[in-house]
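As the structure lists them, so they are numbered: ligands from 1, and atoms in each ligand from 1.
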Amino acid sequence: MDTERQTFLDELFASSRAHDEALEDRLQRFRNVEPETAELLGVLVRSMQAKRVLEIGTSNGYSTIWLADAAEAVGGSVLSLEVEPERTALARANLAKAGVDGFVELRTADAGEVLAQLGDGSFDLVFLDAERPAYVGYWPHLVRVLRDNGLLVVDNTLSHANQLTEFSELVYGDAQVTSTLVTVGAGVLLAVKSD
Ligand SMILES: C[S@@+](CC[C@H](N)C(=O)[O-])C[C@H]1O[C@@H](n2cnc3c(N)ncnc32)[C@H](O)[C@@H]1O
């Protein structure tokens, strides 16, 4: 990664942390992924040459910038979904500051509604980082929108394992995917779609 972009990301992460620490209400926090998880996303996109990336849960754009940096490197692009318009606006400004706005489509929309409309096999990699109770309902579409050997990446599978019990059972019990848990950051579930 370019040094200037890395510096911007470090500053964005630090300011988001300070913002979050001052807030009682979890939903008002930006809740950026851990930097090592963001690095993992960059490695996965590059190693898979993932040209079509879907992110569910943009927040202020921290993880989006990491995904976009990798998408730029492989000649791809990112579609990122965020339900709160103020967050999409913040993310838009941050993407522009990081110089990756040309590689991302930001959409203010409910992920469940968008997922239902996306085409079969239309993404190489999906990064899921939104409201966990909805994930079980997303599952059929998450598998459907991935191409064969496409990868689903889910954050917080260790930090919030209790909220993901049903979802994890669905994933590990589904023969359409091969899955593992990576103990990076808040715990990252990787599920590759079998062909
Ligand atoms: C944990 S934060 C995402 C953090 C971001 N991935 C990062 O690392 O910088 C979750 C975000 O998902 C958004 N969200 C929650 N439910 C959603 C939904 N149904 N559709 C789209 N976005 C949603 C929230 O508004 C919040 O900004």
### Message
Do L81 and L79 have side chains that approach each other closer than 4.5 Å (heavy atoms only, starting at C-beta)?
### Response
yes

### Query
How about D124 and K51: do any of their side-chain heavy atoms sit closer than 4.5 Å?
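With C-beta onward as the side chain, the pair touches.
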
Those atoms of ligand 1 less than 4.0 Å from some heavy atom in [X]:
| X | value |
| --- | --- |
| N32 | 7 (C), 8 (O), 9 (O) |
| A109 | 20 (N), 21 (C) |
| V33 | 7 (C), 8 (O) |
| F30 | 2 (S), 4 (C) |
| E55 | 6 (N) |
| Y62 | 9 (O) |
| E84 | 25 (O) |

### Task
May I ask you to check if ligand 1 and F127 share an N or O to N or O distance below 3.5 Å?
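By distance alone, the answer is no.
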
Whether [X] lies under 4.0 Å from ligand 1, heavy atom:
| X | value |
| --- | --- |
| R29 | no |
| T58 | yes |
| Y138 | yes |

### Task
State whether the side chain of T157 and the backbone N or O of G187 hold a donor-acceptor pair below 3.5 Å, judged by distance alone.
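Checking the backbone N and O of G187 against the side chain of T157, a donor-acceptor pair under 3.5 Å is found.
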
### Message
Under a 3.5 Å distance rule, please check whether R144 uses its side chain to pair with a backbone N or O of L115 as donor and acceptor.
### Response
yes

Around [atom], find the nearest protein heavy atom and jot down its residue, atom name and distance.
| atom | answer |
| --- | --- |
| atom 15 (C) of ligand 1 | E131 CG, 3.6 Å |
| atom 24 (C) of ligand 1 | E82 OE2, 3.5 Å |
| atom 12 (O) of ligand 1 | G57 CA, 3.4 Å |
| atom 10 (C) of ligand 1 | D129 O, 3.1 Å |

### Message
Among D155, V83, L115, D110, which one puts a heavy atom closest to atom 22 (N) of ligand 1?
### Response
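Of the listed residues, V83 has the closest heavy atom.
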
### Message
Looking at non-hydrogen atoms alone, which of S59, A111, S63 comes nearest to atom 7 (C) of ligand 1?
### Response
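Closest candidate by heavy-atom distance is S63.
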
### Under 3.5 Å side-chain donor-acceptor pair for E82 and T88
no

If the threshold is 4.0 Å, N to carboxylate O, is there a salt bridge linking [X] and [Y]?
| X | Y | answer |
| --- | --- | --- |
| E131 | R31 | yes |
| E55 | R107 | no |
| K97 | E11 | no |
| D69 | R46 | yes |

### Query
For the residue pair F30 and H19, does the interplanar ring angle fall in the parallel (under 30°), tilted (30 to 60°) or perpendicular (over 60°) class?
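Aromatic pair F30/H19 classed parallel.
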
### Message
Using a 4.0 Å heavy-atom cut-off, which part of R31 comes near ligand 1: side chain, backbone, both, or neither?
### Response
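It is both parts that get close, each with some atom under 4.0 Å.
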
#### Entry: Full working for side chain to side chain donor-acceptor pair (under 3.5 Å) between D129 and S63
CA-CA 9 Å; D129 189 23; S63 55; 4.9 Å; no

